[in-house]
Amino acid sequence: MSWRSADEPPVTLPRDPAREAAQRELSKGMYHENDPSWYERAIDAFWDWLDKLFGAASAATPGGTLGLVVIVLAVLALLGALWWRLGTPRRPPVSSAVLFDDGPRSAAEHRAAAEAQAAQGHWNQAVQERMRGVVRSLEERALLDARPGRTADEAASEAGLVLPAQADRLRAAARDFDDVTYGGRSAAEGTYRRLAALDDDLERTKPALASNTASTASTAHSSRRGAAE
């Protein structure tokens, strides 16, 4: 075995094989255990892009960063004022769809379904089921005829004729039903509680039947006639 002297240059490899050897060595897993994941790299790239965008906007805005912040706050304040003034965008009902869209169920079944939805905080569904329970109860009491294809507004108008003391609340309940079903609005707990209270009150309200009204009018006329004689 021969040994190189100290004056001889060290053994060197050509550039390309050396680079390939280094790449093979660095591709081993032990060198990449602490590398960021693809998610972290994506987040870093997003923040870099946002930083560049914000920097470019600051440079183009009078007053620099402070001016940009003021403009952003002014836009947010304007949007908040418009939202407060106009409220949630409301879409008009697309059609006079029917109140009942499934098979016949009793008032008790609709009320039970409404309470189940309310217990889960699903106020839209709770309002829908409770309104159906109200109308079904009026049908079961023969205050409304069981007519397929009836809308909530029609049911409220017809029920208001025999229950005039509750006519306004019935119309308001029909509007709430239409709003959450066809108008794209979201019901709150208070909306459902008002409808449930109306349902309870309707159960205790006696109808103003036509025969009773005619009898009352006849009695009043007879009294006035007797007093005149």
Side-chain angles (χ1 to χ4, degrees), residues 87 90-228:
R90 179 176 180 177
R91 297 194 302 269
V94 295
S95 63
S96 297
V98 297
L99 180 64
F100 297 98
D101 55 4
D102 54 4
R105 289 188 290 170
S106 68
E109 289 173 325
H110 284 296
R111 287 166 178 152
E115 287 296 315
Q117 295 289 356
Q120 301 179 58
H122 299 163
W123 303 115
N124 280 18
Q125 294 86 339
V127 166
Q128 292 169 332
E129 288 297 331
R130 195 68 184 228
M131 184 63 188
R132 290 168 181 143
V134 166
V135 176
R136 186 67 77 202
S137 175
L138 295 174
E139 292 176 351
E140 291 173 353
R141 295 170 62 190
L143 300 180
L144 291 178
D145 60 308
R147 188 176 75 246
R150 175 187 280 122
T151 67
D153 291 332
E154 292 171 346
S157 298
E158 295 169 15
L161 298 177
V162 294
L163 299 170
Q166 304 294 347
D168 291 340
R169 295 172 69 189
L170 283 164
R171 285 192 294 269
R175 285 195 300 270
D176 289 336
F177 177 88
D178 288 341
D179 284 345
V180 302
T181 306
Y182 316 114
R185 295 179 67 89
S186 297
E189 180 179 0
T191 307
Y192 175 72
R193 297 304 174 194
R194 287 194 299 272
L195 183 52
L198 170 63
D199 190 13
D200 294 338
D201 291 342
L202 289 174
E203 289 293 300
R204 297 188 294 267
T205 302
K206 294 182 179 180
L209 299 179
S211 59
N212 291 343
T213 303
S215 177
T216 301
S218 177
T219 300
H221 178 70
S222 299
S223 298
R224 289 194 300 268
R225 184 177 178 180

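Computation of the quantities below employed the complete heavy-atom set of this structure, encompassing side-chain atoms and omitting hydrogens, waters and symmetry-equivalent molecules. Numbers here are sequence positions counted from 1.
- In this structure, D179 and T191 have side chains that are not in contact, with every pair of non-hydrogen atoms separated by 4.5 Å or more.
- Remark: R111 engages E203 in a salt bridge, criterion side-chain N to carboxylate O under 4.0 Å.
- A salt bridge links R105 with E129: the distance from a Lys NZ or Arg NE/NH1/NH2 to an Asp or Glu carboxylate oxygen falls below 4.0 Å.
- Remark: R194 does not engage E189 in a salt bridge, criterion side-chain N to carboxylate O under 4.0 Å.
- A155 and R150 make their closest contact through CB-CD, 3.3 Å (heavy atoms, listed as atom of the first residue, atom of the second, distance).
- Smallest separation of non-hydrogen atoms from V180 and V127: CG2-CG1, 4.2 Å.
- Side chains of Q128 and Y192: a donor-acceptor N/O pair is absent below 3.5 angstrom, by distance only.
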Worksheet item: Passes side chain to side chain contact (heavy atoms under 4.5 Å, CB included), V134 versus H110? Steps please.
Response: CA-CA 9 Å; V134 166; H110 284 296; over 6 Å; no
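- With respect to R193 and D200, no salt bridge is recorded, no charged nitrogen being found less than 4.0 Å from a carboxylate O.
- When all heavy atoms of A173 and L195 are compared, the pair lying nearest together is CB-CD1, 3.6 Å.
- Under the 4.5 Å side-chain criterion, counting only non-hydrogen atoms from C-beta, E115 is in contact with R130.
- Between E109 and R136 no salt bridge is recorded (no basic side-chain N to carboxylate O distance below 4.0 Å).
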Worksheet item: For L202 and L170, what are the C-alpha separation, side-chain angles and deciding distance, and is it a side chain to side chain contact (heavy atoms under 4.5 Å, CB included)?
Response: CA-CA 10 Å; L202 289 174; L170 283 164; 3.9 Å; yes
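- By the 4.5 Å heavy-atom criterion applied to side chains, L163 and K206 are not counted as neighbours.
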